[in-house]
Amino acid sequence: MNNILEFNFDYYTMFYNTENSKNLCIPNDYLYLKEQYFFQNNFFEKRESNHLFPTITICLNITSNCNLKCSYCFNKNKRNVSLKFNDAKIFIDKIIENNKKARRFVIDLSGSGEPLLELNLIISIADYALLLSDKLGKEVLVSFICNGTLLSSEIANILQKKKVLFGISLDGLKIFHDKRRVFCDGKGSFDKIMNNFQAIENKMFIGAGMTFVPEDYPPIFDSYLFLNKYFETFSCRVARGEPFCKETFTYVTNEYNKLCDYLIEIIHKEKSLTLLSKIINGDDYFGRYIIKAICDANIDSRCDAGIARFSLGSDKNVYICSASVENERLCLGNIESFVNNMDKTFSSAAQCRNCSYLHICGGECKVILDNNNGKVDKYMCLFKQHLFKLSLKLCGAIYLFSSSLYDELVYIVEKILNRAFGDERLYTLFDSLKGIYSFTELKEIKDTKPLMFEELYKQYIFDVK
């Protein structure tokens with residue numbers, strides 16, 4: 001069976017079917033019964049690839065300016081150029097008009113500059129998003145990642161009142177963060193960011209995003225533990241386009257080995273998924289593969305760039321994602337007449353086409369492929385494979401340790417995945433209460449008065465049934 005990958009761990013073996021992306025955990029003492037396990041778990045069932053993106057992401061590059069000079073930033077030519085609200089509005093309206101069947105819309109303001117330099121524009125977009133939510137009867141969420149240096153408690157309160165979801169770029173430990181994320185005078189930004197964050201009253205929904213450059217030999221494991229002390233959700237990602245070599249690959253994979261073993265240890269010890277939940281709840285690189293392992297993901301596209309994600313640059317041109325802004329090869333046209341003509345499936349890299357992990361990673365990033373003349377970084381590819389192997393190890397360990405904990409993990413993952421489809425209960429109740437509550441009013445009730453929401457749901461949905 002050439003399509004079956006086998007990973008042997010301490011006391012169990014994980015099997016992965018590359019044709020349908022199903023995985024199966026078998027204790028090593030029962031490997032002689034593996035054919036029976038395969039049959040009982042429908043391990044060879046035929047499945048279609050999943051290319052559905054129910055959420056449409058509208059990226060607005062509201063400014064190309066920034067008050068930091070991060071060494072790994074993809075925007076090397078920062079300019080004091082900002083988007084006009086009217087252009088943003090035209091673009092938002094066009095994307096929504098062309099995607100009427102979408103379940104929800106996210107307006108992402110994380111672009112090539114620091115969003116909070118344009119606070120008034122953010123507020124105008126947030127106000128417009130709330131109007132659209134009521135008009136469409138769907139969630140239109142504004143979100144962004146900022147560098148945290150301009151995030152005062154007053155600004156945080158304003159954004160939270162406008163229902164804007166925002167996070168902070170924080171590269172873990174101070175000694176590592178201040179090496180790369182610096183002000184224009186070269187001074188580190190860690191202390192300023194942490195002071196600003198600590199002053200915010202409501203920190204519940206503020207996540208942190210860590211970026212690392214492999215050649216720096218970053219303390220990845222220790223950084224995860226540090227972020228866990230302060231944030232309810234956080235993510236760690238490799239800086240876009242930064243190359244690996246054999247030595248850095250070995251170092252980084254060992255860091256993730258430590259993280260995986262620690263997660264297994266802490267879950268066994270505390271019988272809790274708290275730390276793991278924080279990791280998979282964001283956009284963490286490892287977390288992505290854990291989710292895919294849990295839900296048997298069988299995908300045919302790495303991301304939604306040019307499929308369900310479109311970015312408006314300050315030059316009024318439309319691109320496949322924020323990282324591709326001002327790259328004419330990845331431009332879909334101007335704001336008046338753009339055409340979505342991107343390949344909607346795998347990357348075009350020759351190395352990807354026969355890879356056993358293709359339906360797990362979905363191919364290479366189109367921006368990176370363009371920058372690398374269509375070539376895939378060998379060690380980055382091996383790194384992705386290693387993360388998936390660790391995700392299988394983690395899932396197998398939880399599954400064999402506690403079926404109830406594993407069921408809880410499946411439930412958490414399903415909730416995360418279902419976010420892309422919008423809040424089904426909210427949408428259902430709104431359909432029954434049109435004319436009584438606006439969409440934003442009903443969502444406010446659900447968020448701040450859950451008991452009232454449950455009573456309304458029971459009265460207008462259960463009673464009808």
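For clarity, every value in this text was computed on a predicted model and none was experimentally measured. These values consider heavy atoms only, across backbone and side chains, with no hydrogens, waters or symmetry-generated copies.
- Using a distance-only test at 3.5 Å, with no hydrogens or angles considered, no donor-acceptor pair links the side chain of Y16 to the main chain of Y357.
- Under a 3.5 Å cut-off, the side chain of D108 and the backbone N or O of I58 do not form any donor-acceptor pair.
- Within the 4.5 Å cutoff, no side-chain heavy atoms of L5 are placed close to those of K389.
- Expressed to the nearest 0.5 Å, how far NZ of K100 lies from CG of L136 amounts to 10.5 Å.
- The ring-ring contact (aromatic ring centres under 6.0 Å, His included) contacts involving residues 89-109 comprise F91-F338, where partners must be two or more places apart or lie in separate chains.
- Closest non-hydrogen pair, K384 versus G363, comes out as NZ-O, 4.0 Å.
- To the nearest 0.5 Å, the span separating CD1 on I193 from CG on D178 amounts to 8.0 Å.
- Between N257 and F221, the closest side-chain pair of non-hydrogen atoms is not below 4.5 Å.
- Across S64 and E326, no two heavy atoms sit closer than the pair OG-OE2, 4.4 Å.
- Distance check, rounded to the nearest 0.5 Å: CD1 of I320 to CG of L332 gives 7.5 Å.
- A salt bridge is absent between R103 and E139; no separation between the charged side-chain nitrogens and carboxylate oxygens falls under 4.0 Å.
- Here the closest heavy-atom approach between residue I107 and residue A129 is recorded as CD1-CB, 4.2 Å.
- Here the closest heavy-atom approach between residue F286 and residue C260 is recorded as CZ-CB, 4.4 Å.
- Screening D407, V410, L405 for a side chain to side chain contact (heavy atoms under 4.5 Å, CB included) involving I398 leaves a single residue, L405.
- Ring centroids of Y379 and F249 are separated by less than 6.0 Å, placing the two rings close together.
- Y285 and F383 have parallel rings, their planes meeting at less than 30° on a 0 to 90° scale where 60° marks the start of perpendicular.
- With no hydrogens or angles considered, no side-chain donor-acceptor pair links S189 and R181 at under 3.5 Å.
- Between L165 and V142 there is no side-chain heavy-atom pair separated by less than 4.5 Å.
- Within a 6.0 Å radius of NZ in K449, other residues, nucleotides and ligands contribute 12 heavy atoms or fewer.
- Put simply, the side chain of F197 reaches to within 4.5 Å of the side chain of I206, judged on heavy atoms.
- In this structure a side-chain-to-backbone donor-acceptor pair under 3.5 Å is missing from N228 to Y224.
- With N418 contributing its side chain and E414 its backbone, the two residues share a donor-acceptor pair below 3.5 Å.
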Inset, instruction - Test side-chain contact (heavy atoms from CB on, under 4.5 Å) on V252 and F244 and set out the steps. - result: CA-CA 9 Å; V252 171; F244 277 76; 4.2 Å; yes
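- In this structure, K278 and E232 have side chains that are in contact, with non-hydrogen atoms separated by less than 4.5 Å.
- The side-chain heavy atoms of L109 and I125, taken from C-beta on, include a pair separated by under 4.5 Å.
- Put simply, OG1 on T440 and CG on L132 are 11.5 Å apart, with the number rounded to the nearest 0.5 Å.
- Electrostatic pairing of D284 and R288 does not count as a salt bridge here, judged by no charged N lying under 4.0 Å from a carboxylate O.
- How far CD1 of I200 is from OG of S153: 7.5 Å, rounded to the nearest 0.5 Å.
- In this structure a side-chain-to-backbone donor-acceptor pair under 3.5 Å is missing from D216 to P218.
- Using the six-membered ring where Trp is involved, F166 and F144 have ring planes that are parallel, under 30° apart on the 30 and 60° scheme.
- At least one side-chain heavy atom of Y319 sits under 4.5 Å from a side-chain heavy atom of D315.
- Salt bridge K393/D261: present, at least one basic N to carboxylate O contact under 4.0 Å.
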Inset, instruction - Show your working on side chain to side chain donor-acceptor pair (under 3.5 Å) between R180 and S71 and close with a plain yes or no. - result: CA-CA 5 Å; R180 293 283 186 173; S71 62; 2.7 Å; yes
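- Ion pairing between D93 and K89 holds under the 4.0 Å rule for side-chain N and carboxylate O.
- At distances below 3.5 Å, at least one donor-acceptor pair connects side-chain atoms of N98 with backbone N or O atoms of K94.
- Looking only at distances, no side-chain donor or acceptor of N99 sits under 3.5 Å from a matching main-chain atom of A102.
- K203 contributes no side-chain N or O that, together with a main-chain N or O of F231, makes up a donor-acceptor pair within less than 3.5 Å.
- Within a 6.0 Å sphere centred on CZ of F183, other residues, nucleotides and ligands contribute more than 12 heavy atoms.
- Taking both residues in full, the closest heavy atoms of L276 and I290 are given as CD1-CD1, 3.8 Å, listed atom of the first, atom of the second, then distance.
- At most 12 heavy atoms of other shown residues, nucleotides or ligands fall within 6.0 angstrom of atom CZ in F205.
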Legend entry - Full working for side-chain contact (heavy atoms from CB on, under 4.5 Å) between L273 and I279: CA-CA 10 Å; L273 300 174; I279 293 172; over 6 Å; no
In a table with atom names and distances, give each donor-acceptor pair under 3.5 Å that connects a side chain of residues 303-312 to protein atoms at least two apart or in another chain.
from: D304; atom 1: OD1; to: R309; atom 2: NE; distance (Å): 2.7

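- Contact detail for P219 and L173: the closest heavy-atom pair is CG-CD1, 3.8 Å.
- Using cut-offs of 30° and 60° for the angle between ring planes, the Y230 and F226 rings count as tilted.
- To the nearest 0.5 Å, atoms CG (N196) and CD1 (I168) are separated by 8.0 Å.
- For CD of E201, the number of neighbouring non-hydrogen atoms (other residues, nucleotides, ligands) closer than 6.0 Å is 12 at most.
- Under 3.5 Å, the side chains of T149 and N67 contain a donor-acceptor pair of N or O atoms.
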Inset, instruction - Output, in order, the C-alpha distance, side-chain angles, deciding distance and verdict of side chain to side chain donor-acceptor pair (under 3.5 Å) for E118 and S82. - result: CA-CA 8 Å; E118 297 292 335; S82 301; 2.7 Å; yes
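- Side-chain atoms of Y72 and R240 include no donor-acceptor pair closer than 3.5 Å.
- Within 6.0 Å of CG on L131 lie more than 12 heavy atoms contributed by other residues, nucleotides or ligands.
- Within a 6.0 Å radius of NZ in K22, more than 12 heavy atoms belonging to other residues, nucleotides or ligands are found.
- A cation-pi geometry, defined here as NZ or CZ lying under 6.0 Å from the six-membered ring centre and within 45° of its normal, holds between K446 and F453.
- Checked by atom type and distance alone, the side chain of N334 never pairs as donor or acceptor with a backbone atom of N317 at under 3.5 Å.
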Inset, instruction - Could you give me the CA-CA distance, side-chain angles and deciding distance for S235 and D283, then say whether side chain to side chain donor-acceptor pair (under 3.5 Å) is met? - result: CA-CA 5 Å; S235 63; D283 195 26; over 6 Å; no
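- Judged by a 6.0 Å distance limit and a 45° cone about the ring axis, K292 is positioned over the six-membered ring of Y289.
- Using a 4.5 Å heavy-atom cutoff, the side chains of S133 and K443 are not in contact.
- A distance-only check finds a donor-acceptor pair linking the side chain of S110 to the backbone of I145 [under 3.5 Å].
- Among the candidates N147, N65, I62, the single residue satisfying the side chain to side chain contact (heavy atoms under 4.5 Å, CB included) test with L117 is N65.
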